[in-house]
Amino acid sequence: MTKVLLTGGAGFIGSHTCLALLESGHQVVVIDDFSNGSAEALGRVAELAGLGPWRQTSAERWSGAEPGGSRLTLFRGDVRSSTDLDRAFEAADLGGGISAVLHFAGLKAVGESMAQPLRYWDVNVTGTVRLLEAMGRHGCQTLVFSSSATLYGTTDTVPIPETAPLQPINPYGYTKAAVERMLTDVAASAPGWRIALLRYFNPVGAHPSGRIGEDPNGRPNNLFPFLCQVASGRRQHLEVFGGDWPTGDGTGVRDYLHVMDLAEGHGRALDVLQAEPPQLLTLNLGSGQGHSVLELLRTFETTNGLTLPYTVVERRPGDSAVSVADPSQAERRMGWRTRRSLAEICRDGWAWQSANPQGYSTNKPQHTPELIGTQHGS
Ligand code: WQD
């Protein structure tokens, strides 16, 4: 069992990875500023992992209550704060410190990054600098970084290998490319660094229990959470961005992977880093299968016995026709591949949405369904 730190571990990918790591026997410390995550999510992770009752022990700290100390501890904190980072590392120092960090904390909305580039550079890049400095202070040189397929930009390469050129087209993608460059330089600067750059394609779905899932702030930018909110009546209809793409049915094709497959991929990457000599590992995490917007919508309808209203509108700026991973490296280097189907993604996503129509917050203002014809937000 090793002790790992998850930055942003109370968010969508982080909370599902936290559960997978607990189930693999690790001890987990989380630092999260709750800008896109919640303590409630980790309370449910503790419940699913069979830990003791989840409780808040101070203004900034939550933990389970197992005898002998909790295997899950959460600190409210900002990765840009050295003080907050040291508090999390020092809490774990008892009985052996943090042996690896999984770095999820970051902003990830493409449209928002166009409007707020400085905030994206500060959180995503400066935050990683502060984290690496703290890792140096605490003698930790193993890092799994949450990177993204957005780095590849609007490439025509199908499927996309890790060797494809990096051509980001928005500030969010540029910050991911900058962090990958930073980590490459750090790995080359001193012996001992074990780093995995995991480039996610389109993570979707939820844990099959329906207890944890994706809880976007405000109007979802991404297809799957929007589709789930249409299914629950929180949104009136889906806008399909473009029906004239050069694809089978004219709608955009993406590589959707179940969030639990992605979570397990992080566990495998951690195992490989800890078992092998120091290295920098760059891997695409995707299914290798492409599905169009309409294929996903039809699968969601068939799997859950629902009918989802949609209208086809103009293309979204910055979109590409097809983005599908070549995941063969991940299979070769860590024996990982996706195991869950598109139907399981739709089943599990709906289990979460239908049981949690307002996400984790029970006190969100009652939603007023949008009127048809509302202008599409960014
Ligand atoms: C998927 C498809 C849209 C919304 C982005 C980021 C990427 C990653 C995942 C962080 C496209 C269409 C969407 C809607 C639609 N995030 N669509 N109506 O753009 O592939 O990737 O999120 O790492 O980095 O770039 O995901 O879910 O926004 O879009 O028709 O309301 O659904 O045109 O074809 P995307 P998405």
Side-chain angles (χ1 to χ4, degrees), residues 8 11-14 36 103-114 120 124 145-155 158 160 166-177 179-180 197-205 214 216 218-231 234-257 259 262 284-287 290-300 308-325 342 345 349 370 374-378:
F12 173 42
I13 315 294
N36 210 1
H103 183 28
F104 297 101
L107 302 174
K108 60 160 193 161
V110 170
E112 185 185 60
S113 76
M114 317 277 269
Y120 271 68
N124 293 0
F145 173 59
S146 165
S147 192
S148 169
T150 205
L151 287 176
Y152 296 117
T154 54
T155 177
V158 179
I160 306 175
L166 304 188
Q167 38 195 21
I169 56 172
N170 51 64
Y172 163 63
Y174 281 111
T175 64
K176 288 295 184 182
V179 172
E180 285 206 2
L197 310 176
L198 303 184
R199 294 175 180 167
Y200 307 165
F201 277 71
N202 290 61
V204 288
E214 187 171 10
R219 182 189 177 93
N221 296 298
N222 297 136
L223 174 64
F224 192 79
F226 199 102
L227 193 138
C228 289
Q229 290 188 10
V230 170
R234 188 170 169 183
R235 308 280 167 193
Q236 284 295 307
H237 73 291
L238 173 73
E239 291 181 326
V240 177
F241 298 151
D244 59 350
W245 292 101
T247 61
D249 62 17
T251 63
V253 170
R254 293 293 184 275
D255 183 332
Y256 299 100
L257 70 157
V259 64
L262 182 64
N284 286 337
L285 295 191
S287 71
H291 292 282
S292 73
V293 176
L294 291 182
E295 283 172 336
L296 179 57
L297 183 141
R298 297 288 178 237
T299 304
F300 196 98
L308 302 180
Y310 70 92
T311 51
V312 180
V313 299
E314 70 285 356
R315 297 180 178 184
R316 178 175 64 177
D319 262 355
S320 60
V322 180
S323 171
V324 173
L342 198 67
I345 284 169
E370 290 168 295
T374 311
Q375 281 306 311
H376 168 62
S378 63

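Positions are given from 1, in the same order as the sequence printed here. All values below come from the heavy atoms of this structure, side chains included, with hydrogens, waters and symmetry mates left out. All ligand and atom numbering here is 1-based and tracks the order in the structure.
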S.K.: Purely on distance, is any nitrogen or oxygen of V240 under 3.5 Å from one on ligand 1?
M.R.: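 For ligand 1, there is no N or O atom that lies under 3.5 Å from one belonging to V240.
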S.K.: For the residue pair C228 and F300, establish whether any side-chain heavy-atom pair is separated by less than 4.5 Å.
M.R.: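 Contact flag for C228/F300 side chains = yes.
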S.K.: Counting heavy atoms only, which part of N221 comes closer than 4.0 Å to ligand 1: side chain, backbone, both or neither?
M.R.: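 The answer is the backbone of N221.
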S.K.: Report the part of D319 (side chain from C-beta onward, or backbone N, CA, C, O) that has a heavy atom under 4.0 Å from ligand 1; answer both or neither where that applies.
M.R.: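 Within the 4.0 Å criterion, D319 contacts ligand 1 through side-chain atoms alone.
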S.K.: By the definition side-chain contact (heavy atoms from CB on, under 4.5 Å), identify the one residue from I160, T150, L166 that meets it with R199.
M.R.: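 Result for side-chain contact (heavy atoms from CB on, under 4.5 Å) with R199: L166.
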S.K.: Residue-level breakdown please: for V293 versus ligand 1, do any non-hydrogen atoms fall below 4.0 Å on the side chain, on the backbone, on both, or on neither?
M.R.: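 The answer is the side chain of V293.
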S.K.: So, 4.0 Å and heavy atoms of F224: is ligand 1 close enough to count as a contact?
M.R.: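 The answer is no, since F224 has no heavy atom less than 4.0 Å from ligand 1.
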S.K.: Looking only at distance, does R254 have an N or O less than 3.5 Å from an N or O of ligand 1?
M.R.: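 Indeed, backbone or side chain, R254 has an N or O that close.
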S.K.: Going by the atom numbers of ligand 1, which of them fall below 4.0 Å from some non-hydrogen atom of T150?
M.R.: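 Heavy-atom distances to T150 below 4.0 Å select 24 (O), 25 (O).
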S.K.: Please work out whether any backbone atom (N, CA, C, O) or any side-chain heavy atom from C-beta onward of E239 is under 4.0 Å from ligand 1, and answer side chain, backbone, both or neither.
M.R.: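 The part of E239 near ligand 1 is the backbone, not the side chain.
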S.K.: Which of the atoms of ligand 1 are close to V110, meaning less than 4.0 Å from one of its heavy atoms?
M.R.: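 Checking each atom against V110, I get 6 (C), 25 (O).
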S.K.: In terms of the angle between their ring planes, are F145 and H103 parallel, tilted or perpendicular, with boundaries placed at 30° and 60°?
M.R.: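 Answer is tilted, since the angle falls between 30° and 60°.
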S.K.: Out of W245, F201, F241, indicate the one that has the non-hydrogen atom closest to atom 17 (N) of ligand 1.
M.R.: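 Comparing heavy atoms across W245, F201, F241, the nearest one to atom 17 (N) of ligand 1 lies in F241.
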S.K.: Which one of A149, A109, S148 has a non-hydrogen atom at the shortest distance from atom 7 (C) of ligand 1?
M.R.: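 Nearest heavy atom to atom 7 (C) of ligand 1 lies in S148.
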S.K.: Is it the case that Y256 and S287 place a side-chain donor and acceptor less than 3.5 Å from each other?
M.R.: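 Y256 vs S287: no donor-acceptor pair found between side chains.
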S.K.: May I ask you to test the F226-R219 pair for a side-chain heavy-atom distance under 4.5 Å?
M.R.: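 Side-chain contact under 4.5 Å: yes.
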S.K.: Between Y120 and E112, is there a side-chain donor-acceptor contact under 3.5 Å, judged purely by atom types and distance?
M.R.: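 A donor-acceptor contact under 3.5 Å links the two side chains.
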S.K.: I need the single residue from V324, D319, V322 that forms a side-chain contact (heavy atoms from CB on, under 4.5 Å) with R254. Which is it?
M.R.: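 The option that passes is D319.
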S.K.: To check you understand the geometry: which heavy-atom pair defines the closest contact between Y152 and N284, and what is its length?
M.R.: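 Closest heavy-atom pair between Y152 and N284: OH-OD1, 2.7 Å.
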S.K.: Could you tell me whether Y256 approaches ligand 1 through its side chain, its backbone, both or neither, with non-hydrogen atoms closer than 4.0 Å?
M.R.: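 Side chain only; the backbone of Y256 stays clear of ligand 1.
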